[in-house]
Amino acid sequence: MIATGYAELLRLVVPEVIVVVTALAVLVADRLVRSASTRSRLIQGAAISCIGCVCAIASLLLAPQFATVYDGSLVLTPQTRMLQIALLGLTALVILLSTESKIDTHVGEYLALILFAATSTMFLVATQNILLIFLSLELLSLSLYVLTAFNKRSARSAEAALRYFLFGGMSAAFTLFGLSILYGLSNSTNLLQIGASIKGPSLNPLLIVAVITTIIGFGFKIAAVPFHFWAPDVYQAAPAGSAALIASASKVASFAIFYQVLAIGFAGADGSGDWGHYIPGWVPAIGVVAALSMVFGNLVAITQTSVRRLLAYSAIAHAGYILLAFLSHTQQSFNAVLYYIVTYALAVIGAFGVISVVEERTGGDKLSDFAGLSRREPVLSLCMLIFLLSLAGIPPLAGFFGKFYLFTSALSAQPQKLGLLWLVVLAIAMSAVSLYYYLQVLKRIYVTEPSSDSGPALTQIASKVVLCFIALTVVLLGCAPNLFLQWLR
Amino acid sequence: MLAWTIYISFLGVLALMLLKVSAQAARIIALLTAVAGLAVTIAGFTHLRTGMMTTIVRLPWVPSLGLEYHLAADGISLTLVLLTGIVAIAGILFSWNIDRRTNEFFAFYLALIGGVYGVFLSADLFLLFVFYEIAIIPKYFLIAIWGSTQREYAAMKLALYSFVGSAMVLIGLIAAYIVAGAHTMSLTELAQFPFPHHFQTWAFPLVFIGFGILAGLWPFHTWAPTGHVAAPTAASMLLAGVVMKLGAYGCLRVAMTLFPQGLDPWGFHVLGFGSWRDVLSLLALIGIIYGAMVALVQQDFKFVIGYSSVSHMGFVLLGLMTLNQIGLTGAVLQMFSHGILAGLLFAVVGRMVYDRTHSRDLAVLEKMNLYRAIPFAAVTFIIASMASIGLPGFSGFIAELQVVIGAWRTFSSYAVGTGIGIVIGVAYMWRAMQRAFFGEDDTTDEAHPLPPISMPERIGAVILIGSSLTIGLYPQLILNLVIPALNSPLFDGLRKGAWQ
Amino acid sequence: MSATPLITMLTAVPLVGALAVLGLGARNRNLPRAIALGFSVVALALTLALWHRFDPTIGELQFQELHAWIPAIGAAYRVGIDGLGLVMLLLSAVLVPMSIFASWHIQERPKLYFSLVLFLQAGLFGTFTALNFIHWFVFWELSLIPAFFLIRLWGGPKRASAATQFFVYTMIGSVALLLSFLAIYQCVGTFDFIGLADLARNGQIFPAVAAKLGWRSLSPDHAAAIIFLGAFLGFAVKVPLIPFHTWLPSAYAEAPSGTTMLLTGAMSKMGVYGFLRIMLPIFGVQVRTFLTPLLWLAVATIVLSAFSALAQTDLKRILAYSSINHLGYCMLAIFAAARFTGDSSATDKITALDGAILQMFNHGLTAATLFWFVALLESRSGGLRGLNDFGGLRKVVPVFCGLMGIALFSSLGLPGLNGFVGEFLIFRGAFPLAIWATCLAVIGLLVTAIFILTILQRVFYGPLNEAWATMPDLSTKERIALLPPIALMFALGLCPQLLLGVINSTVMKMVQQMRY
């Protein structure tokens, strides 16, 4: 714990400050050009935002390596830096893809909200203090609620946002409850000290309550079963950009902080989820959640006809896979989680980008709306192929290596006993099931003949460039995962 | 050098995807790519003659996990790479008439070939798995887009079965990786690692059956007839000819090499079985006889060939289970021989007959007097079925002979079963040939004669017949590669165990 | 080991010829025939050269060649001929040009037809010279396929079932043969005929079989009997012996005449050759064990086939049954000679086997010529070949009747023609060795005489059937073509030493080696 002055603190949070300033700049600039067309407002706003993100990334690269301030309020390590850069990158991609969206009013507000959400994610990954965790979570959630409801003309958008808000509010309450019990048990708001103080031979009943409520709270954020009920509606009804942000950056940050809380904060209460060697703790609880998510997410996704809902249920399933790595909570598993969630986020953003193009043309996101896409938009279809196959876990794409890394790290904690093998088997089996529904989308795109009333290509070059870039990144990270892994050291 | 087979194929894929070329140019690009691949293989033959695993490329890939980009080949790999090259070229020649979405067709085709080359050349198990999975998606699209009967259902069934099989393999591989210390996936190092006996007892059947699904192991073979029938000709040639061999190769190279003790006796008996070897050899035998008997009653010409593939792959799997040198050699030779012959049979049935007559029903074909209408197809099919029956002079005879001798040495009653399978094989081939080509009714419409056999088809047929004949008359070409490979240290674990 | 691989060259000639016909024969109708004839004449010349270089005084194998082929399964490329082999090669080399002449006017797909004939010849050459089972089996099967297609594609109205029957019977026999030899290989480790014969002489094969096969602990005798029966089946179908003969009449009748000439002339001899080369040396003890039933089978073949021939009205079917009958004599001689008599009766055995081999050649020549005549008759009569369709042809086609008469008498066994010598030697040799069987076989001679004379009477003599009053006689080309076989019939009838000289030493060695 180093007592620092404000100047020092400001220097450490320069990247976040840059993003906030960018958000304000966007608001102001948008005010100034209210009369222009939506498209040019969007482009202007996007340009400013991207410049801001790039500056923030630059400042991150120049920032000091390690720092810890104020009781763990801000913990900067190369890993957090890398995460923040990734989060900024994801945000920039979402903004770029939103330039084609149908937002017609409050353009500046839209982009500013995205940037605020980005700021909150940056704080979320850089803190180990439960107060700041909760604050960042709230900022993130509030931004996301509004972003979900942004399409004022759609009743479903509003309903989804309301549902999100109610669920979110309740789970925030649970989280706060759990965190406050932790404070009560340890007399500290720093995760490290909390972890140290709750170590004991047996589980305190209060600790059990804390574990359960924390899991509920964070489980909501990552859309794990049985806290997932908001996800399908939100994914389906929110505007494409918002949905992409929820599915990507918010998930990245939530997983990262969830891991920190469990692995560091609840370090003494882990327990074991091995087959036949059950010890109570958060590990078996997460194990159950993971198993339920994987099975439920994949099985329900099979029946979906709306591609957005399909992605929502697949997100639930992916949450299950990632939680697997939580169970072995080693450094390698944390790396695996990060690799997986970042590459997952990239693929999902790309998928939403393609979905928004299709919605633009056909007005819907049903499977039938994708029919014959490969004939009309070969580049876009190829990108979608890459994104969906990466989600399915087909090599040589990033999703495959991510799954492999997750599974090996889940098992390598106990090389001889292989206690978690039952979960890995379940995960692999469910991934085999997932190929079915991803292929359903790809089948529509590549195999089915297009319906006769297909219009000409409407896609802007900018979107195509961005999507190609994301696709190339996914392929690159899959073929040469070391590029990413060495950053995690 | 041999690694270029993979790279050239994928370069071909990129060229076909990115360049906007005419259909004819696409065909030529694809053909050149395949020929280049075969040329590289033959050049590689002259360099790698030791029979041991010789490294081609070895680069670290993900050092923190010990994964390497390691390509190597021994005699068995070379044999199968050669097979792939030959069947690939023939397949492209037989697809010369595809005129709908030609570029995409050949792009998927070359991607499949590249993946297959990769599997046969990988010496790092992670890399092998990567290539194995890469091969699944092009198969799906080839069948779903250009196939015939029930193509979407067949394609999905094939893709899911393959994926489930590979999922089983992945579980085994990850478990092996972790137990061996999680620092290498190299085939040679893992082959030497002493896995605990009880671990091998469950890991072996898991991985073997996982690969066996793709090899057509009974009763997981049901994707094969449906898939082969629905696929377009070139895809069926590749599927039956090469992709099923991927499964068998995996059984030999991964399951049997890494977990040789999995074949050991359990020490107790369940329903008369005392080891996984008993179970799997019985399944292989059932596959031989069942495939043959079902082929005997088929009304659809292509289904006859599809089930005959299941039957012939049964020979391969039985040969693997004999665990003696002659049986294993026979299994590898049968992989090569059946690859060529299945390609030829599907080419005749699919491309020469079906594309012209638009019927695969034997009752309909009987009336068309095909012997007179397309005599080249009739002669080719006659030669192919003779070879497939096991006529001496063609590659099938030597291969099946070795498997039968090998089987006789270890389980003599099974050898009788293989004999029965061969005899039924004669019967169903005979029946199909008689009905399809030599029907007595003649209601051919003279005003609309069938188109003659084109030059690419003739060249393709000659290539395949020539290969089978060459190996049939001079099998030493392949045996000189396979036998030293089987004697290499890689198979030490098998030798210490139940090997005879 | 001779320096030039004459036998390989000889076998290669018809193969190259077949490919040449396929490749080049598309221009006009005549080219395939000409090319085929050319190559078969080259083969004949090579065979004669072989005869010239052959040393008849030693009974050993000559012109041997040995190359490793597939050491992993004990298959080697091994060829060599002794007197028996040389006679068979001569027979094949002489018959094929005759067959090509007889098929000169084939209209449908001549290219394919003549290439199949040449493939068949290659198969014959290979079968008669190979000395390693796998090598031999390749050629054995190689001769089966062209024969099947020749029947199937150019045959008469019922060709489909005839060809299928032919194929199925022969295939079953071949499979049984293959299995037997595989069993032997498994236990003894070699496929080489000479090596196996040596082992058999020392009594080493069947104990090894019984030991290693472990089928419910069979005694060596029982194991031997099973394997013997398997191999026996393969050859018995080919000869054929009753009751495995039912494929033959339809096959001979439905096949085009040129093919029937080859079937009866050379392919049936493959079966007898197999008995001489493979069954006697390797399974000699088993032949002795089953001697009585085998002799009865031979007698049944002789007698029953002769009576069946008597009942037929289709000329080709008569001749088909007559073929079975004539080869029955060979089988009688072979089985009689296998009887164990110690050192005595060696001369009888030599006589019997000499007769058998001579009969093979003579019957091949005669039967082929007879079928040729039937083909000529058919072409003049518009496809009719029934016994009662003709009458008094002597008045219209005297030369034809004369020449066909010569062939018929040769088949009957008239002294002075070649058919007599073989039969005489067989009876002379077999009588002391198997009295009852030989006596019963005489019935066959009598019945043969009856049906041959019946043919002469019904077709050539008697009142002229007005339908054929304008039948043309043999053209000059046909007369020239028929001259060599007729001349050979006389030559071999008057001077059998031509062939006997070649085979005598070989037969003596064979008998000497049977002394176990």
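Keep in mind the model is a prediction, meaning the values are calculated, not measured. Chain letters run A, B, ... following the sequence lines, proteins first, then strands; residues in each count from 1.
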Closest non-hydrogen atom pair between B:Ala144 and A:Val447, with its separation: O-CG1, 3.2 Å

Lys/Arg-Asp/Glu bridge criterion (N-O < 4.0 Å) met for A:Lys403, B:Glu133: no

B:Phe10 atom CZ, neighbour heavy-atom count above 12 within 6.0 Å: yes

Which of B:Tyr132, B:Phe131, B:Trp146, B:Tyr140 touches chain A most, by non-hydrogen pairs under 4.5 Å: B:Tyr140

Toward chain B, the part of A:Leu397 with a non-hydrogen atom under 4.5 Å: neither

Best-contacting candidate, B:Ala155, B:Pro63, B:Pro60, against chain A by heavy atom pairs under 4.5 angstrom: B:Pro63

Worked check of side chain to side chain contact (heavy atoms under 4.5 Å, CB included) between A:Leu385 and B:Phe141: CA-CA 12 Å; A:Leu385 180 81; B:Phe141 284 112; 3.8 Å; yes

Check: B:Ile136 and A:Ile394 side chains under 4.5 Å, non-hydrogen atoms: no

Top contributor to chain B contacts, counting heavy-atom pairs under 4.5 Å, from A:Ser374, A:Ala392, A:Pro396, A:Ala429: A:Pro396

Pairwise side-chain contact, A:Phe401 with B:Val130, heavy-atom cut-off 4.5 Å (strictly under): no

Heavy-atom check, side chain of B:Leu65 versus side chain of A:Gln332, under 4.5 Å: yes

Most chain B-contacting option - heavy-atom pairs closer than 4.5 Å, from A:Ala432, A:Pro378, A:Pro395: A:Pro395

Side chain / backbone / both / neither for B:Ile137 at chain A, heavy atoms under 4.5 Å: side chain

Side chain / backbone / both / neither for B:Ile171 at chain A, heavy atoms under 4.5 Å: both

Inter-residue atom distance A:Ile428.CD1 - B:Ser166.OG, 0.5 Å rounding: 9.5 Å

Proximity of A:Phe400 and B:Phe126 rings by center, below 6.0 Å: yes

Most chain B-contacting option - heavy-atom pairs closer than 4.5 Å, from A:Gln440, A:Arg375, A:Glu449: A:Arg375

Closest non-hydrogen atom pair, A:Tyr446 against B:Ile145: O-CD1, 3.7 Å

B:Trp61 side chain vs A:Cys479 backbone, donor-acceptor pair below 3.5 Å: yes

Euclidean distance, B:Met156 CE relative to A:Leu439 CG, rounded to 0.5 Å: 4.5 Å

Residue B:Tyr69 versus chain A: region with a heavy atom under 4.5 Å: neither

Minimum heavy-atom distance B:Val62-A:Pro481, with the two atoms named: CG2-CG, 3.5 Å

